[in-house]
Amino acid sequence: MPDPLYRMARAEALRIVHLDSFIAVFHRDSGLTHLLAAPAPEIMATLGEAGLSRAALAARLAAEFELADLDDAALAERLDELVACGLVAAA
Amino acid sequence: MRHVFSVRIGPVGFRVGSAWRAPIAQLETLYADYPKPDVPDFSVRLFPARPWRRVIRPSVTIGGDFMLPDAAPLPLEQGLLAAEMGMNLQMALGQRRYLLLHASVVERDGRALLMTGVSGAGKSTLAALLAARGWRLMGDEFALLDPATGLVHAFPRLVSLKNAAIEVVTRALPEARFGPLLAGTPKGDVRHLVPDAAAVAAMDVPVPPALLLFPGYGFAAEERAVPPSEVFVRLTQASTNFVALGERGFDALARLVKTVPARAIDYPDTDSAVAQVEKLWAAL
Amino acid sequence: MSEKGEHEGNRGPATTRRRALMLGATGAVAVVSIRPALAQTAASVAHCEIPVPDPGRAGSYIAADGSLVPPGTAGAFPPVGKPLKGEDVKVALSGGQLPGTTADQSRAYTNYIRRLQSGTSGFTCFASLQMPRG
């Protein structure tokens with residue numbers, strides 16, 4: 001689909017625990033547990049529940065972080081990973 | 001089922017029904033000092049797959065409340081092993097009250113040491129050897145973690161020793177009671193160690209976990225701290241009911257990995273392992 | 001999108017230095033999902049694997065793809081939780097391979113974490129539970 005909007009799973013459905021360089025996330029809607037390493041948590045937090053296109057997400061990340069490698073293909077992969085595990089929805 | 005045996009081990013009650021007397025007689029002897037359950041939580045059935053299998057080359061198929069398909073039966077001489085495996089199976093597939101970790105557990109000074117890892121890592125052997133040195137044996141197969149309290153509950157079944165470990169442990173514990181030597185099982189030679197009176201007497205006393213070890217047998221002595229994320233993933237691999245417990249299981253495991261230090265220890269022989277364990281415990 | 005007056009290395013009172021973030025190369029992973037325990041199918045039971053003994057884990061290094069390699073292997077990282085010994089640094093430097101950047105190390109580590117899941121899941125080996133046929 002052309003330029004989908006990505007949004008984070010609803011906040012009430014997430015139980016988050018910080019473990020060293022990973023965060024552990026229990027997703028109540030699926031009953032599944034995921035461990036996230038950078039940049040996944042940052043991407044989720046930036047997307048929020050409102051939803052952003054990939055381009056808008058890239059811009060926000062670049063503004064908020066010192067991005068050494070703004071590679072569109074890499075960002076697409078990171079988003080695909082999050083969509084595949086159910087923590088981000090694409091619409 | 002003609003022959004029946006019931007036993008309570010820690011917080012779990014089992015009822016074992018068998019088409020043959022022999023395994024029941026062995027269970028009665030070895031678990032003689034254990035209490036009986038009020039109401040069993042799980043049933044195990046030892047039965048012949050076909051009626052004639054009860055008498056012709058008798059072979060024991062393991063059944064119960066929970067069964068695994070495609071499980072090969074065991075010869076009747078290994079009926080005791082079948083009963084023990086049946087109890088493991090009920091716990092692995094049916095336990096929902098406690099988070100299960102595939103680990104041995106020993107206690108000292110009111111705190112628990114958990115040792116986890118793949119088959120052959122030495123969990124049962126090390127637990128037996130530490131018991132010989134005054135630690136309380138809480139279990140060699142499953143650690144039961146209560147999600148509500150974070151405490152570890154004892155589940156002291158017969159300790160299953162395999163192959164070379166049999167001699168090591170029979171030498172270290174000359175006063176202990178052992179089951180029969182079961183030769184030529186699919187896992188090699190197996191012999192069961194009966195937990196001592198102290199272990200059985202204290203089996204209803206849960207304690208907080210204080211140290212988690214990942215032992216690795218057959219390597220030069222080496223040690224490293226294991227960070228929480230790695231402990232978390234390794235323990236999900238060592239738990240049969242983590243996913244089934246949902247958020248309770250997640251919270252219980254997260255709390256454990258954040259509060260209990262973890263170390264991987266490689267050891268060339270059991271003396272070295274025991275020394276490493278005692279040293280790490282003293283340094284807590 | 002930097003504001004006027006924001007220079008590298010300078011921290012004016014109204015600006016904060018942004019935290020570094022790497023998106024990672026394509027092919028890297030940032031999410032490890034816990035697979036459910038004991039998939040109760042005949043197929044998974046039949047594929048029970050007893051792990052091939054790997055190099056002593058505690059001392060091993062972690063290669064970029066997350067596999068364990070002997071300590072001091074060029075391009076590999078010491079396991080997290082094990083401080084780099086003096087000799088390790090010397091070996092790494094003399095091999096012409098400098099210790100990795102934080103991002104590379106973290107990518108290797110994530111791969112390592114993911115690999116911990118390969119093989120049987122849920123129970124460290126089905127052989128502990130029952131005897132598969134054939």
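What you see is a predicted model, and the numbers here were worked out from it, not measured in a lab. Values below: every heavy atom of this structure, side chains too, minus hydrogens, waters and symmetry copies. Reminder, nothing fancy here: chain letters follow the sequence lines and each chain counts from 1.
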| task | Tell me, please, which residues at least two apart from Asp80(A) pass side chain to side chain donor-acceptor pair (under 3.5 Å). | result |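 Side chain to side chain donor-acceptor pair (under 3.5 Å) check on Asp80(A) returns nothing, list empty.
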
Between chain A and chain B, which N or O donor and acceptor atoms come closer than 3.5 Å?
unit_1	atom_1	unit_2	atom_2	d
Arg15(A)	NE	Asp251(B)	OD1	2.6
Arg15(A)	NH2	Asp251(B)	OD1	3.1
His18(A)	O	Lys258(B)	NZ	2.6
Asp20(A)	OD1	Ser229(B)	OG	2.8
Asp20(A)	OD2	Ser229(B)	N	2.9
Asp20(A)	OD2	Ser229(B)	OG	3.3
Arg28(A)	NE	Glu247(B)	OE1	2.7
Arg28(A)	NE	Glu247(B)	OE2	3.2
Arg28(A)	NH2	Glu247(B)	OE2	2.6

| Inter-residue atom distance Phe250(B).CZ - Leu32(A).CG, 0.5 Å rounding |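 CG of Leu32(A) is found 12.0 Å from CZ of Phe250(B).
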
| query | So what's closer than 4.5 Å to chain A heavy atoms on Val257(B): side chain, backbone, both or neither? | reply |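 For Val257(B), side-chain heavy atoms alone lie under 4.5 Å from chain A.
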
| query | Minimum heavy-atom separation for Val243(B) to Gly31(A), with atom names? | reply |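 Minimum heavy-atom contact is CG1-O, 4.5 Å.
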
